[in-house]
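Order of listing sets the numbers, starting from 1, for every ligand and every atom in it. All heavy atoms count here, side chains included; hydrogens, waters and symmetry mates do not.
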Amino acid sequence: MGSLSPPGQAFDVLLRNANVNGSVVCDIGIQCGIITALGLGLHASHGTEVIDCEYAIVTPGGIDGHVHLSQDKSQRAKEAGCVAADTIETGTRSAVAGGTTTVMLFAEQSKSESVKEKVAQYHELADQIGSYADYGFHAIITDPTPEVLENELPTLAREGGITSMKLFLTYKHMRISDAQFLRALKTARELGMVALVHAENGDLVDFFTEQLESLGLTQPQYKAVAHPSAAEAEAVNRAVTFSAVMDTPMLIVHVSVKESMCVIRRAQSALKPVFAETCPQYLLLGKERLTEEHFCGAKYVCSPPLRSDPADIEAIWQGIANGTFTIFSSDHCPYRFNDANGKQLGRIQNDDGTMTEQFTKVPNGLPGVETRLPLLFSEGVLKRKCIDIKRFVELTSENPAKLYGLYPRKGAIQIGSDADIVIWHPQSSFAPRRLSHARDLHDGCDYSPYEGIEFWNWPRMTLLRGSVVFRDGQVVAKNRVGRFVKRKGCSLPYIKRMGQQWDILKASI
Ligand SMILES: *[C@@H]1O[C@H](CO)[C@@H](O)[C@H](O)[C@H]1NC(C)=O
Ligand SMILES: *[C@@H]1O[C@H](CO)[C@@H](O)[C@H](O)[C@H]1NC(C)=O
Ligand SMILES: [Zn+2]
């Protein structure tokens with residue numbers, strides 16, 4: 001680095017004194033939303049908007065691989081009567097206020113629906129509402145019929161830019177059988193799609209839930225009992241085994257226990273195509289939250305549940321530091337607490353006027369799209385010092401971009417990349433502050449599970465394709481200009497084998 005910009009290069013925006021990735025100080029020149037120069041002393045022309053980064057850390061815009069917005073349109077959610085706290089508008093407003101410039105949303109197929117039509121509906125919805133961040137869709141497959149696998153998914157993957165599918169091994173309305181799972185993985189491999197898997201053994205969870213209900217143990221804290229570690233570890237082991245047999249790249253979403261990590265690590269050491277995700281709630285919140293008084297435990301109901309064992313939380317931190325986890329996502333899925341169609345659905349009035357608390361009726365999920373980057377920066381980089389900026393960037397932006405086929409257009413500060421950029425505060429001038437939901441956040445929820453945590457830094461500015469969308473605590477984007485991003489295949493390294501085990505066997509018969 002060091003050369004001056006070629007004469008005649010007129011930048012729309014010029015970032016001065018940027019400590020890029022915490023490793024090199026330079027200026028960043030931006031034209032038409034793209035990074036076109038990195039160097040010292042880049043030339044500002046008349047009309048260039050110059051922003052002084054004051055030698056603060058500058059990182060690529062966050063990419064959140066796991067964000068649920070406007071999914072309450074599904075049949076399942078309508079039956080349960082739940083209304084999400086965020087729409088695509090409020091959820092992406094919250095995202096950019098926390099430094100996230102691309103969100104991966106979900107297009108959810110209900111049983112016997114067409115995935116193609118579902119995706120078209122989500123496109124329409126996003127176009128209507130408008131998004132502050134760029135976005136893509138994972139296709140949730142709950143009914144992998146031959147039509148879906150042989151006709152719909154090939155079109156979506158090859159023409160629609162949708163190169164990932166999500167599969168559930170639990171939940172009554174969403175889970176698929178092992179036979180369906182294998183067929184879906186075969187298709188994923190053929191189309192170069194990544195399979196995201198929610199790995200919990202649904203029968204085990206149902207069995208425990210029934211036992212608890214028969215004993216009248218239905219308050220929020222029993223959520224953690226109903227979803228034992230073994231339910232996760234068993235399903236992770238099965239999923240990882242299937243991924244190896246089918247040679248399909250797989251991401252295990254929201255890993256929460258040590259036993260699952262061991263299975264994943266073993267597969268990774270054998271260079272199997274297995275990747276893992278964890279989320280802020282499994283690093284920072286323990287299951288004691290579920291016992292908070294006046295039904296406040298319901299605020300923390302999610303699946304897998306918050307874990308009890310401090311050893312699990314420590315192991316998750318180690319996995320963040322040592323590479324077991326590929327990406328760090330929010331699993332943002334907010335429901336308001338003081339809302340009859342939110343968390344209060346789990347509090348049922350009896351005929352005699354008393355209330356029964358039922359964790360199975362509490363909508364699952366926590367908000368977190370805005371706090372994801374600042375939490376990992378503050379807790380991981382600054383307080384624990386267990387990761388450096390490079391690893392922070394990997395977990396929050398670079399690896400999600402590679403996994404989901406967006407790199408290097410996204411997830412990098414390089415010439416030719418989209419100018420999606422987070423400018424942090426210079427560390428010495430940032431006064432630590434405790435999060436208060438109402439004052440600090442921009443989502444549609446009425447609480448944050450991270451209230452009271454002291455943040456040691458926060459994005460000062462967020463740029464989406466060269467435009468400042470968030471500055472000093474305010475979302476300043478005038479229009480919602482977020483675009484759908486068409487994606488390619490996974491570019492994270494793994495060994496592609498000769499084929500699926502069946503192909504190899506067949507050849508040897
Ligand atoms: C990373 O940490 C996890 C959790 O403690 C452990 O199981 C795993 O072996 C570690 N991996 C490496 C490569 O150190
Ligand atoms: C910043 O980090 C990203 C992701 O690791 C990388 O692609 C990019 O080249 C880095 N940029 C600079 C200038 O170091
Ligand atoms: Zn989720």
Near Ala412, which atoms of ligand 2 are under 4.0 Å from a heavy atom of that residue? 7 (O)

Give a yes or no on this: more than 12 heavy atoms of other residues, nucleotides or ligands lie within 6.0 Å of atom NZ of Lys111. yes

Side chains of Asp446 and His437: is there a donor and an acceptor less than 3.5 Å apart? no

What are the atoms of ligand 2, with element, lying closer than 4.0 Å to any heavy atom of Val20? 11 (N), 12 (C), 13 (C)

Please list, in number order, the atoms of ligand 2 under 4.0 Å from a heavy atom of Gly411. 4 (C)

Atoms of ligand 2 less than 4.0 Å from Gln414 heavy atoms? 6 (C), 7 (O), 8 (C), 9 (O)

I'd like to know if the side chain of Gln31 pairs up with that of Asp12 as donor and acceptor (distance under 3.5 Å, no hydrogens or angles considered). no

Tell me whether the NZ or CZ atom of Lys343 lies within the 45° cone about the ring axis of Tyr335 and under 6.0 Å from its centre. no

Check if Pro408 has a non-hydrogen atom at a distance under 4.0 Å from any atom of ligand 2. no

Determine, using ring centers only, whether His198 and Tyr171 are less than 6.0 Å apart. yes

Between the side chains of Arg372 and Thr100, does any donor sit under 3.5 Å from an acceptor? yes

Lys223 to Phe359, cation-pi by 6.0 Å centre distance and 45° axis angle: no

Among Leu463, Val58, Leu373, exactly one meets side chain to side chain contact (heavy atoms under 4.5 Å, CB included) together with Val422. Which residue is that? Leu373

Looking only at the side chains, is there a donor atom on one of His442 and Glu370 sitting less than 3.5 Å from an acceptor on the other? yes

Distance under 4.0 Å, heavy atoms only, partner ligand 1: which residues pass? Met261, Arg265, Ala315, Gln318, Asn322, Thr324

Between Gln427 and Asn457, does a side-chain hydrogen bond (donor to acceptor under 3.5 Å, both in side chains) hold up when you go through it step by step? CA-CA 7 Å; Gln427 198 55 48; Asn457 207 326; 2.7 Å; yes

Within 6.0 angstrom of Lys488 NZ, more than 12 heavy atoms from elsewhere: no

Walk me through whether His68 and Phe106 qualify under ring-ring contact (aromatic ring centres under 6.0 Å, His included). CA-CA 6 Å; His68 300 279; Phe106 295 87; 4.4 Å; yes

Ignoring angles and geometry beyond distance, decide whether Ile413 reaches within less than 3.5 Å of ligand 2 through its nitrogen or oxygen atoms. yes

Val485 backbone acceptor or donor facing Arg409 side chain under 3.5 Å: no

Side chain, backbone, both or neither: which part of Tyr407 has a heavy atom under 4.0 Å from ligand 2? side chain

Provide the tally of protein N/O/S atoms nearer than 2.8 Å to the Zn ion (ligand 3). 3

